[in-house]
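Okay, structure first, notes after.
Index from 1, following the sequence.
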Amino acid sequence: MVNKYSDKNVQFISITDDSMDKVSDFLKNNEFKYDITFVSKNSRIIFGNSYPKNIVIDNSKTITLYKEGGNENVWQEIDQHLTELNNKK
């Protein structure tokens, strides 16, 4: 999906509560095209403890989609949502 939207002003960010070492080891063996950020105490208060969380924020900084979990149905729903947002432009 990252490649599909690379020219559509869409940024994908992964928020993880894993350690820097664990993420580094993962990235050595896995291609990952998202930007990665780490959970802080403040973000844990906002986002809670379950991951992944999928949040789409439009250009006006409005959350237009919020989904928890990561499975094929979630990815398809995100893809459909991004397509609809891009078609509105």
Got a donor-acceptor contact below 3.5 angstrom from the Tyr5 side chain to the Phe12 backbone?
no

Check: Asp18 main-chain N/O paired with Thr16 side-chain donor or acceptor under 3.5 Å
yes

Will you find, in the side chains of Glu84 and Gln80, an N or O donor that is under 3.5 Å from an N or O acceptor?
yes

Please round to the nearest 0.5 Å and tell me the distance separating atom [atom1] of [X] and atom [atom2] of [Y].
X: Asn59; Y: Leu85; atom1: CG; atom2: CG; value: 9.0 Å
X: Trp75; Y: Met1; atom1: CH2; atom2: CE; value: 6.5 Å
X: Lys4; Y: Thr83; atom1: NZ; atom2: OG1; value: 4.0 Å
X: Ser40; Y: Ile46; atom1: OG; atom2: CD1; value: 7.5 Å
X: Asp58; Y: Asn9; atom1: CG; atom2: CG; value: 11.0 Å
X: Ile55; Y: Ile78; atom1: CD1; atom2: CD1; value: 10.0 Å

I'd like to check Val56 versus Leu82 (side-chain heavy atoms, cut-off strictly below 4.5 Å). Are they in contact?
yes

Could you check if a side-chain atom of Glu68 sits within less than 4.5 angstrom of a side-chain atom of Asn54, using non-hydrogen atoms only?
no

Give the intermediate values and the outcome of side-chain contact (heavy atoms from CB on, under 4.5 Å) for residues Lys53 and Ile15.
CA-CA 8 Å; Lys53 295 190 187 316; Ile15 302 170; over 6 Å; no

Residue pair Val23 / Phe38: nearest heavy atoms and the distance that separates them:
CG2-CE2, 3.6 Å

Audit row: Lys28, Asp25, salt bridge (charged side-chain N to carboxylate O under 4.0 Å, His left out) steps and yes/no
CA-CA 5 Å; Lys28 287 177 188 173; Asp25 288 344; 3.5 Å; yes

Hey, any chance Ile57 and Ile13 share a hydrophobic cluster, counting ILVMFWY side chains that come within less than 4.5 Å of each other, even indirectly?
no

Going only through I, L, V, M, F, W and Y residues with side-chain contacts under 4.5 Å, is there a path from Tyr66 to Val39?
yes

Counting heavy atoms not belonging to Lys22, are there more than 12 under 6.0 Å from its NZ?
no

